[in-house]
Amino acid sequence: MKDVLGRGAVVESPRGDRGLTAAEVAERVAAGRTNAVDARTSRSVGQIVRANVVTPFNGLLFALFLVIAATGRWQNGLFGLVIVANTAIGVIQEVRAKRTLDRLAVLNAPHARVVRDGEVAEIDVADVVADELVELRSGDQVTADGTVTTSAGLEVDESLLTGESDPIAKAPGDQVRSGSIVVAGQGRFRATAVGADAYATRLTAEAKKYTRTPSELISGTNTLLRWISVMMLVVAPLLVWSQFRTSDADTWQAAVTGTVAALVGMVPEGLVLLTSLAFMLGAVTLARKRTLVQELPAVEVLARVDVVCLDKTGTLTHGDIVFDRLVLPREADALDEAEVREALALSCTEPGGNATAAALATVFSHTSWTSTETVPFSSDRKWSAIGTGEHGTWVLGAPEMVLPEPADAGSADLLETAGKIAEDGRRVLVLAHTESPADGPVLPPELEARALVVLAERIRDDAADTLRFFAEQGVTLRVISGDNPRTVGAVATAVGLPGITAAADAVDARTLPEDPDALADVLEAHPVHGRVTPQQKRAIVGALQRRGHVVAMTGDGVNDAMALKDADIGVAMGNGAAATRAVAQLVLLDGRFAHLPDVVAEGRRVMANIERAANLFLVKNVYSLLMALVVIVTAAAYPLAPIQLTLISAVTIGIPGFVLALAPNRRRYVPGFLSRVLWSAVPIGVVIGTAAYSGDRTVRWLEPTGGSAAGQTVATVTVLVASLWALTLFARPFNRWKVALVAGLALVVVVILAVPFLSHTVFLLDVTWLRVGVGVGLGVVAGLVIEVIGRFVRGRAAGGAAPALAAAPA
């Protein structure tokens with residue numbers, strides 16, 4: 001039988017049902033009886049536009065814009081441009097990100113093998129139709145509900161659907177459900193329910209929601225928005241009442257302008273946009289490095305990862321297994337070797353073979369034997385068996401699993417040799433023989449070792465550098481592999497994994513305790529584990545999570561799928577089993593383990609920079625709220641006009657916030673985003689608000705006839721100076737481009753104040769040397785207080801309390 005060559009490739013069909021005809025397929029497609037479901041990992045263009053346009057804060061800003069427009073002061077309505085800018089930036093960037101991610105998603109799209117007109121073809125899963133005859137092999141994910149028609153040791157794991165992790169043997173007539181995973185054998189089933197009618201469609205839709213991964217950043221931002229919204233609902237009517245009472249409100253326009261200014265200052269117009277853009281740009285950045293982000297908030301979780309669980313094959317090694325040599329007993333003769341070669345060749349001809357069988361098939365390709373019964377390889381059992389009638393039964397698998405207690409001296413000698421070979425980093429299998437028939441998943445009795453099959457793997461050139469990066473970043477590494485512990489230990493030692501100095505240091509997973517706490521203790525002490533079953537991989541991930549770790553799991557085989565699903569972040573190799581790619585949040589499309597440092601670094605960059613930008617936004621909300629409360633109590637005029645708040649927001653928040661959000665940053669993430677932002681932003685906002693109101697009152701005392709224009713000028717200058725000082729606090733540590741950013745923004749302020757058209761006509765400022773001097777003086781005093789606050793907060797960070805302003809690598 002020829003192999004499948006790729007999408008649309010056709011191979012000869014084995015004997016059996018010829019499947020649907022082309023006409024029958026066309027009839028079902030016309031009737032809509034296909035497997036197509038809406039499983040987008042990104043929003044449609046219409047959803048993107050709607051989500052960016054129809055927001056509560058856009059609606060509020062638009063309503064306030066209409067109110068200001070009625071006053072006739074067009075300058076004060078320029079904040080309406082924020083609506084246009086936020087919407088345009090959000091839509092354009094998300095559409096660009098969508099196109100990039102959708103292109104990569106097509107490369108990662110799952111396929112199915114179906115029988116049509118007697119030939120096996122590989123097609124997109126969405127093109128499977130009702131009554132389709134679908135072929136299954138180990139590592140496949142079942143694409144529809146159906147009835148098994150043929151089975152050759154077919155075993156299915158339904159834990160994604162039921163939570164039960166034990167493999168279930170499937171015989172002809174049994175039912176299979178979409179979403180389950182083939183863990184052993186091969187077979188075919190007739191699709192009885194496809195698309196929306198399939199059992200797992202609802203589960204799949206839930207699993208592929210646009211923002212399914214839990215996000216502390218989104219949760220914290222939403223909490224802030226809820227509280228800000230509540231405060232605005234309470235403050236708004238009181239503001240209207242107070243502004244109409246103030247002596248400055250000689251016209252209704254002045255009272256309305258003061259009310260609108262206070263409310264505009266409390267709107268975090270760019271925070272949500274910045275958060276969404278950071279996720280999307282992070283995903284696009286990773287896409288350029290051949291990493292598909294299937295759930296955007298997963299970018300954030302990357303920043304919190306402190307433990308990475310690795311499989312050996314496909315991560316530390318290339319995964320392209322090659323045959324190395326046969327090791328026969330000393331007393332073996334030519335006849336014995338001939339039988340071994342016949343048995344190995346026969347085992348390679350069985351359908352649904354794994355990578356080991358493919359490697360052996362390049363050497364052992366011809367056999368005169370025929371099989372009478374087979375037990376396919378299983379990651380849980382770690383062996384396969386084949387019955388040959390008069391030649392007996394042959395079992396190929398892990399030595400310690402096939403012969404846990406060798407009954408003869410020859411077998412014992414071979415097992416001892418296997419251990420020594422494994423210490424050199426080779427994969428070793430034992431081929432054992434018995435006259436007893438194979439009995440399904442139970443090892444046949446009286447097995448005798450007849451040969452060792454030695455396989456070799458190439459260690460990745462970049463593995464050592466990748467592990468070194470994680471060690472330097474404080475990320476713990478744990479290798480959990482189904483291979484021989486000594487083999488895994490030898491590879492881990494060769495690549496310099498911290499915590500292991502010799503192959504013998506690796507732990508045999510058969511000795512691991514089942515109690516989660518005891519298991520976590522072992523994991524804390526030992527970095528390498530071999531002979532780990534799929535169930536143990538899940539248990540290991542769970543034990544680490546119970547200890548408060550954020551766990552990333554990498555894998556490429558079907559035995560990794562459940563652990564990938566349970567981990568905080570599942571990272572699948574693009575050349576791995578379809579099941580692993582289906583459940584992972586991230587897919588390394590080219591299968592390069594060396595991309596993982598980029599992945600983790602991007603997550604940290606996004607989170608650290610969003611935290612910086614969030615501080616800037618929240619500072620403005622705090623001082624705007626404080627001034628609103630003060631004017632409500634004192635019945636004074638609000639000290640800033642809407643156009644002046646637009647200037648302050650653009651120079652001290654909007655522009656620097658977006659620049660900082662895209663800047664390099666390798667600071668390790670620490671839980672507590674919301675509390676850290678509040679610890680930093682609230683006291684700084686109180687200081688700036690107090691300074692601004694004091695400036696307004698001071699100049700009114702110095703210039704009794706200056707009116708509201710004098711107070712607004714001083715308050716604007718004060719807030720600009722103090723906010724730029726706060727910006728320097730959040731942007732630290734400094735480098736050239738950060739200094740240039742702050743200096744450029746300060747220069748913009750100087751130009752606006754110096755040019756009468758800009759200061760007076762556009763921004764409604766009445767600039768004099770006295771007013772600028774008072775504003776700068778109060779701004780500097782506020783800046784010094786802000787510096788003290790920053791040092792206090794950094795001190796708490798050093799003590800481990802709330803690291804909001806801790807210095808991070810730029």
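Note that these values count all heavy atoms, side chains included, but never hydrogens, waters or copies made by symmetry.
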Item to complete: Please report the C-alpha distance between Val479 and Leu477 in whole Å, then the side-chain angles of each, then the deciding distance to 0.1 Å, and finally whether the side chain to side chain contact (heavy atoms under 4.5 Å, CB included) criterion is met.
Response: CA-CA 7 Å; Val479 178; Leu477 297 169; 5.9 Å; no
Indicate the atoms forming the closest heavy-atom contact of [X] with [Y], along with that distance.
X      : Y      : result
Gly555 : Leu564 : N-CD2, 4.1 Å
Ala502 : Ile500 : O-CG1, 3.3 Å
Lys738 : Arg732 : NZ-C, 4.2 Å
Ala525 : Pro527 : O-CD, 4.1 Å
Arg546 : Pro516 : NE-CB, 3.4 Å
Pro485 : Glu400 : CD-OE2, 3.9 Å

Is a salt bridge present between [X] and [Y], judged by a nitrogen-to-oxygen distance below 4.0 Å?
X      : Y      : answer
Asp465 : Arg468 : yes
Glu457 : Arg426 : no
Arg304 : Asp568 : no
Asp508 : Arg510 : yes

Please examine the side chains of [Y] and [X], heavy atoms only from C-beta on, and report whether any two atoms are closer than 4.5 Å.
X      : Y      : result
Ile421 : Arg325 : yes
Phe377 : Leu396 : no
Val551 : Asp566 : no
Leu586 : Ile569 : yes
Leu523 : Ile540 : yes
Leu544 : Cys309 : yes
His529 : Leu512 : yes
Val541 : His549 : no

Worksheet entry | Step-by-step side chain to side chain contact (heavy atoms under 4.5 Å, CB included) determination, Leu328 to Val340 | CA-CA 9 Å; Leu328 300 171; Val340 165; 4.2 Å; yes
Worksheet item: Among Val428, Thr487, Leu360, which residue meets the side-chain contact (heavy atoms from CB on, under 4.5 Å) test with Leu455?
Response: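 Testing Leu455 for a side-chain contact (heavy atoms from CB on, under 4.5 Å) against Val428, Thr487, Leu360 leaves exactly one candidate, Leu360.
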Can you give the donor-acceptor pairs under 3.5 Å from side chains of residues 488-499 to other protein atoms, not counting sequence neighbours?
{"unit_1": "Thr493", "atom_1": "OG1", "unit_2": "Gly489", "atom_2": "O", "d": "2.7"}

Worksheet entry | Asp505/Thr501 under side-chain hydrogen bond (donor to acceptor under 3.5 Å, both in side chains): CA gap, chis, key distance, verdict | CA-CA 7 Å; Asp505 294 338; Thr501 57; 3.0 Å; yes
Worksheet entry | Under the side chain to side chain contact (heavy atoms under 4.5 Å, CB included) test, residues paired with Asp515 that sit two or more places apart |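 For Asp515, the residues satisfying side chain to side chain contact (heavy atoms under 4.5 Å, CB included) (neighbours in sequence not counted) are Asp517, Ala518.
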Practice prompt. Would you check, one step at a time, whether the test side chain to side chain contact (heavy atoms under 4.5 Å, CB included) holds for Arg478 with His526?
Written response: CA-CA 8 Å; Arg478 291 294 177 263; His526 300 281; over 6 Å; no
Practice prompt. Take Leu447 and Val402, measure what side chain to side chain contact (heavy atoms under 4.5 Å, CB included) needs, and give me the verdict at the end.
Written response: CA-CA 8 Å; Leu447 284 168; Val402 175; 4.0 Å; yes
Worksheet item: Can you name the ring-ring contact (aromatic ring centres under 6.0 Å, His included) partners of Phe470, sequence neighbours left out?
Response: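 With neighbours one apart ignored, the set is empty.
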Worksheet item: Which value, rounded to the nearest 0.5 Å, describes the distance between Leu326 atom CG and Leu344 atom CG?
Response: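 Answer for the CG-CG pair, Leu326 versus Leu344, is 6.0 Å.
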